[in-house]
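From a predicted model like this one, the values you see are computed outputs, not experimental measurements. Heavy atoms only: backbone and side chains are in, while hydrogens, waters and symmetry mates are out.
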Amino acid sequence: MKKMDFSELSEWILEKKSDVERDILQTKGKERNIRTRARDENEAKILDDLCKKKWKKAEIEGKVKYLSKRVWYYEFD
């Protein structure tokens with residue numbers, strides 16, 4: 001068995017990492033894709049605004065029921 005120190009092991013892992021990640025992504029099937037990059041600031045702001053509007057609409061329609069200060073019930077369609 002070959003002996004390695006930790007620095008050689010770290011280098012070997014870094015060399016193989018991109019190939020392994022590519023193989024995993026190619027063979028994973030029809031599951032939902034996982035984001036590999038951070039969201040843009042504008043994208044995050046737009047998504048936050050959409051979620052707030054959806055929540056307000058649900059409140060108006062009576063789909064949100066506040067059971068206590070920290071507990072609520074949300075009725076899904």
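At a threshold of 4.5 Å between non-hydrogen side-chain atoms, the residues Glu59 and Tyr66 count as touching. Side-chain contact between Val64 and Tyr73 is absent, with no heavy-atom pair separated by less than 4.5 Å. Side-chain contact between Leu67 and Trp72: absent, with no pair of heavy atoms (C-beta onward) separated by less than 4.5 Å.
Taking CD1 of Ile46 as the reference point, atom SG of Cys51 lies at 12.0 Å (rounded to 0.5 Å). Atom CD of Glu75 sits about 5.5 Å away from atom NZ of Lys65, to the nearest 0.5 Å. If you take NZ on Lys16 and CD on Glu11, they are separated by 13.0 Å, rounding to the nearest 0.5 Å.
Residues Trp12 and Phe6 fall within the same hydrophobic cluster, defined by Ile, Leu, Val, Met, Phe, Trp and Tyr side chains chained together at heavy-atom separations under 4.5 Å.
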| said: Between Lys45 and Asp49, is the salt bridge (charged side-chain N to carboxylate O under 4.0 Å, His left out) condition met? List the steps. | reply: CA-CA 6 Å; Lys45 186 178 183 312; Asp49 290 342; 3.4 Å; yes
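Contact between Asn42 and Asp40 at its shortest, heavy atoms only, is N-OD2, 2.9 Å.
Within a 6.0 Å sphere centred on CD of Glu43, heavy atoms belonging to other residues, nucleotides or ligands number more than 12.
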